[in-house]
Amino acid sequence: MNMKMILAVNIGNTNIRFAIVQEMKVKFSWTINTKPYKTAGEFFMLFQSFKQQYVTDIEKIHAIVIGSVVPLQTQIIARVLGKAFKLNPLIVSRNTPSEVTHQSNQMGTDLYANAVAAHYLYEKRKKIIVDFGTALTLTAVDEQGKLLGVIIAPGVITSLNALVGNTAQLPDIELIKPKAILGKDTETCMQSGIIYGYSSMVEGLIKRINDYLQEDCYVISTGGLGHLYKPFVPSIHIDDKLHTIKGLCKLYELNK
């Protein structure tokens, strides 16, 4: 049995997710905050700590793949991981070859990895990937892997932070299902707006994409808040917070 594992790293604007992956199955994963940006020394100490904590699985890592939308951190993390594990990390981007095709010179690696995972891991029909990240994105890809386009909107936490940060009396809130659609206290009012407001927006955007493509697309949600919104968005078929990580691993498999 092949026990070799891949360390996959998804460097996002809010979090950096690390995952130990074996045969496209994530054994375990963890995240750290992207900001404040860390030095090579700080990253090295973090990785040494993880190596000690997960020594049994860490010893089986034979490859490292990195996808990033934060250029300032990409090379630092690659160098430190290369030193810590004595491996040469593969840094993937929108230009890394796969069956997914696009004509964009601006597409983020996360969006490309999302499209790759959807294309290779799910049935051959048109798909929409909804990523609840720092930005809310909806990416559409067809049966042959052609990227059909993307929608970008402010992310849930981004919007909530802007709301709280630009008002004098609105508090931070817990993101849970509100007690009622019409709130009678500030916290419930805000929860209703953030939960039901974004749910309605995502459901509406999915319907608009389906109408535009004249297709009932298969919808995958991902990102840190995908699990929270799936129950409120009937058009989402499956939620997988590790979808992007799986796309990075697929790109490694295709280009190792």
Side-chain angles (χ1 to χ4, degrees), residues 2-34 38 40 43-44 46-51 53-102 104 107-122 129 131 133-134 137 139 141 145 147 220 222-224 240-256:
N2 181 13
M3 297 298 291
K4 292 182 178 180
M5 299 181 186
I6 300 172
L7 172 60
V9 186
N10 179 28
I11 306 172
N13 288 297
T14 302
N15 295 309
I16 304 173
R17 179 172 291 279
F18 301 85
I20 306 297
V21 184
Q22 181 182 18
E23 297 179 343
M24 295 304 294
K25 294 182 180 179
V26 178
K27 300 276 289 184
F28 58 90
S29 71
W30 67 95
T31 61
I32 61 174
N33 292 332
T34 304
K38 296 168 183 62
F43 276 123
F44 188 78
L46 280 171
F47 298 147
Q48 291 300 102
S49 173
F50 292 139
K51 285 179 71 175
Q53 186 175 357
Y54 302 110
V55 62
T56 302
D57 290 311
I58 291 292
E59 289 178 346
K60 299 171 185 173
I61 291 174
H62 77 290
I64 301 170
V65 60
I66 299 173
S68 176
V69 295
V70 188
L72 288 174
Q73 295 284 269
T74 308
Q75 291 298 331
I76 293 175
I77 291 177
R79 285 197 303 269
V80 172
L81 285 176
K83 179 180 177 182
F85 295 98
K86 296 180 173 59
L87 294 168
N88 186 26
L90 173 65
I91 301 174
V92 299
S93 71
R94 60 177 172 267
N95 298 316
T96 304
S98 77
E99 290 181 1
V100 173
T101 59
H102 64 87
S104 172
M107 177 182 293
T109 304
D110 53 349
L111 298 184
Y112 181 57
N114 281 343
V116 168
H119 176 68
Y120 284 97
L121 301 181
Y122 294 92
I129 308 96
D131 194 334
T134 308
T137 62
T139 304
V141 61
L147 195 131
I220 306 142
T222 189
D240 182 1
K241 72 176 181 180
L242 300 170
H243 182 82
T244 312
I245 285 286
K246 293 174 183 176
L248 297 178
C249 290
K250 190 64 186 181
L251 285 169
Y252 170 78
E253 285 188 358
L254 294 169
N255 293 277
K256 60 185 177 181

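Model, not experiment: these values are computed from the prediction.
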* To do: Give the minimum heavy-atom separation between V9 and L248, together with the two atoms involved.
  => O-CD1, 3.4 Å
* Using 30° and 60° as the class limits, which term best fits the ring planes of F85 and F47: parallel, tilted or perpendicular? -> tilted
* To do: Check whether any side-chain heavy atom of K250 sits under 4.5 Å from a side-chain heavy atom of H119, and report yes or no.
  => no
* Gap between atom NE2 of H62 and atom CE of M5 - 0.5 Å precision -> 10.5 Å
* Asked: If we only count heavy atoms from C-beta on, is the S29 to I245 side-chain gap below 4.5 Å?
  -> no
* **Under 3.5 Å side-chain donor-acceptor pair for Y112 and S98** => yes
* Test R17 against K241 for side-chain contact (heavy atoms from CB on, under 4.5 Å), laying out the working first. => CA-CA 10 Å; R17 179 172 291 279; K241 72 176 181 180; 4.3 Å; yes
* Kindly indicate whether the side chain of L7, heavy atoms from C-beta on, has any atom under 4.5 Å from the side chain of I20. => yes
* To do: To the nearest 0.5 Å, tell me how far F18 CZ sits from L46 CG.
  => 7.5 Å
* Structure fact -> d(I76 CD1, K38 NZ) to nearest 0.5 Å is 11.0 Å
* **side-chain contact (heavy atoms from CB on, under 4.5 Å) assessment of T96 paired with L90** => CA-CA 10 Å; T96 304; L90 173 65; 5.6 Å; no
* If you look at every heavy atom in G12 and V70, which pair is closest and at what distance? -> O-CG2, 3.4 Å
* Structure fact -> In short, S68 meets P71 closest at the heavy-atom pair OG-N, 4.3 Å
* To do: Evaluate the side-chain proximity of D240 to L121: yes if any heavy-atom separation is below 4.5 Å, no if none is.
  => no
* Show the numbers, then the answer: is there a side-chain contact (heavy atoms from CB on, under 4.5 Å) between R79 and F43? => CA-CA 10 Å; R79 285 197 303 269; F43 276 123; over 6 Å; no
* **Check against side-chain contact (heavy atoms from CB on, under 4.5 Å), I129 and Y122** => CA-CA 11 Å; I129 308 96; Y122 294 92; over 6 Å; no
* Asked: Going by heavy atoms in the side chains, are L147 and T139 under 4.5 Å from each other?
  -> yes
* Any side-chain heavy-atom pair from E99 and Y120 closer than 4.5 angstrom? -> yes
* Structure fact -> In L251, N10, V92, the residue satisfying side chain to side chain contact (heavy atoms under 4.5 Å, CB included) with V65 is V92
* Does any donor atom in the side chain of T244 or N114 lie under 3.5 Å from an acceptor atom in the other side chain? -> yes
* Structure fact -> Of all heavy-atom pairs linking C249 and A8, the shortest is SG-CB, 3.7 Å
* Asked: Out of T34, D110, T14, which one pairs with T134 under the side chain to side chain donor-acceptor pair (under 3.5 Å) rule?
  -> T14
* Structure fact -> Taking every heavy atom of V69 against every heavy atom of G108, the minimum-distance pair comes out as CG1-CA, 4.3 Å
* Which heavy-atom pair separates A78 from I91 by the least distance, and what is that distance? -> CB-CD1, 3.9 Å
* Structure fact -> Rounding to 0.5 Å, atoms OG (S104) and CG (N95) come to a distance of 9.5 Å
* To do: Look only at the side chain of T222 and the backbone of D131, and say whether a donor-acceptor pair between them is shorter than 3.5 Å.
  => no
* **I66 side, atom CD1; I77 side, atom CD1 - distance, nearest 0.5 Å** => 6.5 Å
